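Input: a single structure, listed below in structure tokens.
In this text the structure is predicted, and so the values were computed from the model without any measurement. The first residue of the sequence shown is numbered 1, and numbering continues consecutively from there. Note that ligands are numbered from 1 as they come in the structure, with each ligand's atoms numbered from 1 the same way.
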Amino acid sequence: MTAELLELTAAAAAERVRAGEVSSDELFEFWRERAAGDDLNAFLWRADGPADVAPAPDAPLGGVPLAIKDLFCTEGVPSAAGSRILEGYRPPYTATAVQRLAEAGAPLLGKTNMDEFAMGSSNENSGFGPVKNPWDRTRVPGGSSGGSAAAVAAGLAPWAIGTDTGGSIRQPAALCGVVGLKPTYGAVSRYGMIAFASSLDQAGPLTRDVTDSALLLRHMVGRDPCDSTSTGMPEEVRLPTAESLEGLRFGVPPELTGEGIEAGVREVFEATLKRIEDLGGAVEEVALPHSSQGISAYYVIAPAEASANLARFDGVRYGIRKGDGDLLSLYEETREAGFGAEVKRRIMLGTYALSSGYYDAYYGRAQRVRTKIADDFRAAFEKVDLIVTPTTPTVAFPLGEKTGDPLAMYLNDFCTVPMPLAGIPAISIPGGLSEGLPVGMQLAGPAFSENRILDAAHALERSIGFDGSPGLV
Ligand code: GLN
């Protein structure tokens with residue numbers, strides 16, 4: 001029975017619970033034991049007893065336990081956003097997205113490791129040590145939602161949620177061989193998510209397959225009076241059923257699929273394009289002329305917003321407190337001890353970019369580039385229904401390989417950064433293997449086209465038949 005539970009997707013497990021074949025208590029206990037066996041450093045906190053709130057027997061998510069990125073506030077449970085500065089912080093309330101999922105029947109299994117304040121592409125910026133990639137433990141799982149991706153890939157959790165600001169759901173999903181979806185900006189409430197860059201941050205699912213992503217997303221979305229930028233979805237998120245791509249036009253932007261994409265990734269990408277045509281889809285080139293400026297704009301805008309958001313960590317209100325002299329030394333010593341090097345780098349970059357005299361030259365210009373990128377997508381979606389690219393330029397790289405070179409690290413997000421800048425949704429699904437490591441394929445669509453994306457991803461997923469989650473073999 002237990003071996004069988006491990007093989008079920010979350011949606012299938014929820015069905016079994018609803019059919020009375022397995023109880024939600026048994027299911028929770030099974031996954032609690034799996035999570036307890038974590039030897040990847042994927043979890044920062046794990047449930048040590050039965051689920052807090054027993055899900056209703058007919059709950060749509062069937063009591064299937066959920067792993068949650070550490071930056072979602074969860075009442076009474078450590079929530080540190082992967083940072084030492086928040087060590088020991090237990091929030092007095094729960095993030096709206098987590099609350100909605102719990103109410104739909106997905107109780108909290110554990111909090112997952114992440115790059116500190118979601119700043120990173122490898123999980124090596126975590127204040128609590130890096131996560132290992134289950135496909136090859138000497139390699140990174142990607143970031144910043146690396147703990148969530150690794151936990152799902154290794155069968156330590158049935159499904160998980162993360163956040164994506166410049167790629168942090170899709171990139172680790174690609175490097176760990178799971179599905180990751182970044183929804184349209186505003187579809188999911190950001191209330192209770194410890195903020196990195198508020199105009200970009202968006203929560204979404206990391207799952208074994210596309211159907212599980214649709215199921216989680218359906219119960220995460222919605223307008224929330226506590227987040228004035230949340231809109232919810234104009235239509236219900238449907239479980240995908242498509243098996244063909246007939247009638248869909250796919251655009252391949254040369255700017256995001258050319259130089260810098262390693263050969264093994266390119267091979268899987270080309271095979272995917274062929275597959276799209278075999279499934280009845282049309283593939284054509286489409287220009288996104290400003291998308292290659294995405295990284296430059298992102299690394300001004302995101303640090304600018306981060307420098308403002310992180311001002312609240314001053315030793316007064318949350319987490320650790322250092323210094324015993326005057327107020328200024330309290331601020332300085334707390335922030336010196338609590339923040340890691342990348343966070344400090346971003347605060348300095350952001351503060352500089354926003355300083356008077358430079359504001360227009362850096363922040364203002366980056367915002368104008370952002371508008372151009374969004375305009376490019378708008379024009380492209382007049383010609384095609386979806387855009388397809390590799391999710392990342394490379395497969396998972398060795399731990400330590402890029403830690404000394406922030407710019408090389410930032411290039412990981414080359415293909416994923418334009419979508420959050422434009423606020424549009426995108427998914428990464430496993431496309432195949434290169435050198436024995438997973439390669440992610442990305443599909444992006446216009447704002448609120450999640451159902452179209454999920455359907456296309458479902459048809460592709462069935463045809464690819466990706467198999468081989470390392471924890472399940
Ligand atoms: N890797 C990117 C960064 O370091 C994106 C992170 C994210 O999406 N949270 O900012």
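- Between R170 and M419 the shortest side-chain heavy-atom distance falls below 4.5 Å.
- With a heavy-atom cut-off of 4.0 Å, S168 touches ligand 1 through backbone and side chain alike.
- Considering backbone and side-chain N/O of M119, none are found under 3.5 Å from N/O of ligand 1.
- By the 3.5 Å distance cut-off applied to N or O atoms, G120 is counted among the residues near ligand 1.
- Taking a cutoff of 4.0 Å between a charged side-chain nitrogen and a carboxylate oxygen, R84 and E87 qualify as a salt bridge.
- Only the side chain of F196 comes within 4.0 Å of ligand 1, judged by heavy-atom distances.
- Here the heavy atom of the protein found nearest to atom 10 (O) of ligand 1 is Y298 OH, 2.6 Å.
- Within ligand 1, the atoms closer than 4.0 Å to a non-hydrogen atom of S144 are 9 (N), numbered from 1 in the order shown.
- Comparing M409, M114, E342, R346 against atom 4 (O) of ligand 1, the shortest heavy-atom distance belongs to R346.
- Between A302 and ligand 1 there is no heavy-atom distance shorter than 4.0 Å.
- A salt bridge links R378 with D375: the distance from a Lys NZ or Arg NE/NH1/NH2 to an Asp or Glu carboxylate oxygen falls below 4.0 Å.
- For ligand 1, the polar-atom distance check against S121 finds a nitrogen or oxygen pair separated by under 3.5 Å.
- Between Y410 and Y299, the angle of the ring planes stays under 30°, which puts this pair in the parallel group of the 30/60° scheme.
- Between Y93 and Y191, the gap from one ring centroid to the other is short of 6.0 Å.
- Residue F117 is tested with I194, I347, N125, N309 for a side-chain contact (heavy atoms from CB on, under 4.5 Å); the sole match is I194.
- At a 3.5 angstrom cut-off on N or O pairs, G167 counts as close to ligand 1.
- Minimum interatomic distance between S198 and Y185 (heavy atoms only, all atoms of both residues): O-OH, 2.6 Å.
- Under a 4.0 Å criterion applied to the non-hydrogen atoms of A118, ligand 1 contributes the atoms 6 (C), 7 (C), 9 (N).
- Ring planes of W135 and F466: tilted class, angle from 30 to 60°.
- Rounding to the nearest 0.5 Å places OG1 of T257 at 7.0 Å from CZ of R266.
- Annotation: D413 places an N or O atom under 3.5 Å from an N or O atom of ligand 1; distance criterion only.
- Scanning the protein for heavy atoms near atom 3 (C) of ligand 1, the closest one is Y299 OH, 3.2 Å.
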